[in-house]
**Q** 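Supplied in structure tokens, the structure appears directly below.
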Amino acid sequence: MRISRFFVIPKFSGQLYLCFAIIIFGAANSVTRKLTEVGAQRYVNGNNPVSFCNVLFVGNLCALFVLLIVYGRQFTLSRLQRISKNRWFYLTISAILAGALAPGLIFQALAITDVNNVVLIGRLEPPLTLALSAWLLGERVNQGQIIGAIVSFIGVFLTISLPANFQEMMKMQNFLSFGTGEILTAIASVALAISTIISKLKLATIPLGIFTIYRTALGTVIFFFTALLLYGQNHFMDVFSPFLWKWMLIYGPVIVVIGQSCWITGLRATSVTQASLIGSFTPIAAVIAAYLILGQAPNLAQYIGGFVILIGIIFSQLGILQKLSSQSSNDLKNSPTKLQELESEVGFKGI
């Protein structure tokens, strides 16, 4: 399938493209953590050149490059002028929440807590989005979606609250022993859910290309200056380090460029139902990747919580299938709302 005259992807089915993207995005957390561990063994001037901030910043630039190739033609002056000041305001808020705050919090969480915890606690986003949609937007939800949201929420709670092993459970130790990383992940999930609600309420008519490019670009800029403000003017001094770019030539093209390209191509060639179903397998891919890349096998709490979350996902998908069965439109090109709903299924994508 030809995305543009400069950027060509081999022709496969849309479902296969989405499967490729889910595998790549599922590995994003573990690859990010692994890169920073490699960088920690190669300090330059007392700094880790492959820090989480550097990886996020450069990864976002790679993503912006892909989006400009795919959607650049939509980003025209005439289309920009048709967007009202009110919508620009809400688009900016959405970009701050989903493009800067949430990724920054997730990267910080990855630095201080288990990858599987970040993956599983991140599943708070879909039920939160569903609850806020029903509450604030009056959106109709069916029984499957409600049950799925409740069960997923219980699964996240079990992941946070249960002890890490059987011995501690028998001794009634370390219940509700969640830390800063878990809290940061939960806050990121709330930010993403709010961003999705803003998109549903105010941004549904904005072309998808303008939405994604503006969100990525503004989010990257805000993250850059916020990090400078919090950590000092020398925080990104190693961003041009040859050692960093040696590894970013892997992270950027594979996690960001190929992942984003497969995701966008798959969305264009499949229905919302198919994309949502395939996207729901991301947590499984992420847990497997954590084991293969980092050697992090799930602990007792993660096994129990993950199993409950999986049941919740099944119920949610049944509800989504039922809801979408009566909808005929499969077009994702001009719908930021549908895009963010699907991204809530996928979770963190490395950018």
Side-chain angles (χ1 to χ4, degrees), residues 7 21 24-36 39 48-72 74-75 91-111 118 122 125 184-185 188-189 191-192 195-196 199 208-231 235-241 244-264 336 339-340 342-344 346-351:
F7 195 64
I24 292 171
F25 295 151
N29 289 294
S30 298
V31 171
T32 303
R33 179 71 168 265
K34 189 67 176 180
L35 288 179
T36 59
N48 181 353
V50 197
S51 67
F52 281 100
C53 286
N54 285 346
V55 172
L56 177 56
F57 178 66
V58 177
N60 274 2
L61 292 179
C62 292
L64 186 60
F65 170 74
V66 176
L67 293 172
L68 286 171
I69 291 176
V70 176
Y71 292 122
Q74 291 187 19
F75 214 83
L91 182 55
T92 300
I93 297 299
S94 177
I96 293 172
L97 291 173
L101 178 61
L105 291 174
I106 291 172
F107 267 75
Q108 184 60 34
L110 286 171
V118 175
E125 183 190 348
L184 294 178
T185 305
S189 298
L192 290 169
S195 177
T196 301
S199 297
L208 184 57
I210 295 176
F211 176 85
T212 52
I213 290 173
Y214 184 78
R215 184 180 67 172
T216 303
L218 183 62
T220 302
V221 171
I222 290 175
F223 171 77
F224 177 79
F225 285 105
T226 301
L228 290 180
L229 181 65
L230 293 176
Y231 303 113
H235 188 64
F236 289 102
M237 63 182 300
D238 298 313
V239 77
F240 296 109
S241 165
L244 168 66
W245 280 94
K246 170 186 172 182
W247 290 103
M248 288 308 298
L249 287 175
I250 298 174
Y251 184 91
V254 175
I255 298 295
V256 179
V257 176
I258 297 179
Q260 281 289 99
S261 300
C262 288
W263 174 247
I264 293 170
L339 176 68
Q340 285 206 307
L342 290 171
E343 286 184 342
S344 73
V346 175
F348 176 69
K349 300 194 300 179
I351 54 175

**Q** When you measure from the side chain of Trp263 to the backbone of Ile258, do you find a donor-acceptor pair of N or O atoms at a distance under 3.5 Å?
**A** no

**Q** Mind checking ring-ring contact (aromatic ring centres under 6.0 Å, His included) for Phe75 and listing every partner two or more places apart, or none if nothing turns up?
**A** none

**Q** Please determine which of Leu218, Leu208, Val70, Leu68 meets the side chain to side chain contact (heavy atoms under 4.5 Å, CB included) test together with Ile213.
**A** Leu68

**Q** Which residues pass the side chain to side chain contact (heavy atoms under 4.5 Å, CB included) test with Ala217, not counting sequence neighbours?
**A** Leu64

**Q** Tell me, please, which residues at least two apart from Ser94 pass side-chain hydrogen bond (donor to acceptor under 3.5 Å, both in side chains).
**A** Ser195

**Q** Once rounded to the nearest 0.5 Å, what's the spacing between atom CD of Gln260 and atom CD1 of Ile24?
**A** 10.0 Å

**Q** Would you list the atom pairs, donor with acceptor, under 3.5 Å between side chains in residues 220-228 and any protein atom, with sequence neighbours excluded?
**A**
residue, atom, partner, partner atom, Å
Thr220, OG1, Asn60, ND2, 3.3
Thr220, OG1, Thr216, O, 2.7
Thr226, OG1, Ile222, O, 2.7

**Q** Sort and list the pairs that fulfil salt bridge (charged side-chain N to carboxylate O under 4.0 Å, His left out) and have at least one residue in residues 24-36, not counting sequence neighbours.
**A** Arg33-Glu37

**Q** What are the two closest heavy atoms between Phe25 and Ile255, and how far apart are they?
**A** CE2-O, 3.9 Å

**Q** Apply ring-ring contact (aromatic ring centres under 6.0 Å, His included) to Phe240 and list each qualifying residue two or more places apart in sequence or on a separate chain.
**A** none

**Q** Can you run down the salt bridge (charged side-chain N to carboxylate O under 4.0 Å, His left out) pairs that involve residues 208-222, sequence neighbours left out, and say none if there aren't any?
**A** Arg215-Glu343

**Q** For the residue pair Val66 and Ser261, what are the closest heavy atoms and their distance?
**A** CG1-OG, 3.8 Å

**Q** Mind checking whether Phe236 and Phe57 have parallel, tilted or perpendicular rings, split at 30° and 60°?
**A** tilted

**Q** Please list, chain by chain and in numerical order, all residues satisfying side chain to side chain contact (heavy atoms under 4.5 Å, CB included) with Leu184, sequence neighbours excluded.
**A** Leu105, Gln108, Ala109, Ile112, Thr180

**Q** To the nearest 0.5 angstrom, please state how far the CG atom of Leu56 sits from the CZ atom of Phe107.
**A** 4.5 Å

**Q** Please list, chain by chain and in numerical order, all residues satisfying side chain to side chain contact (heavy atoms under 4.5 Å, CB included) with Ser51, sequence neighbours excluded.
**A** Cys53, Asn54

**Q** Could you tell me which non-hydrogen atom of Ala102 sits nearest to which non-hydrogen atom of Ala191, and how far apart they are?
**A** CB-CB, 4.4 Å

**Q** Kindly give the heavy-atom pair with the smallest separation between Leu244 and Pro49, and that separation in Å.
**A** CD1-O, 3.4 Å

**Q** Ignoring hydrogens, what is the shortest heavy-atom contact between Val55 and Val50? Give both atom names and the distance.
**A** CG2-CG1, 3.7 Å

**Q** Who pairs with Ser199 by side-chain hydrogen bond (donor to acceptor under 3.5 Å, both in side chains), at least two apart in sequence or on another chain?
**A** Gln340

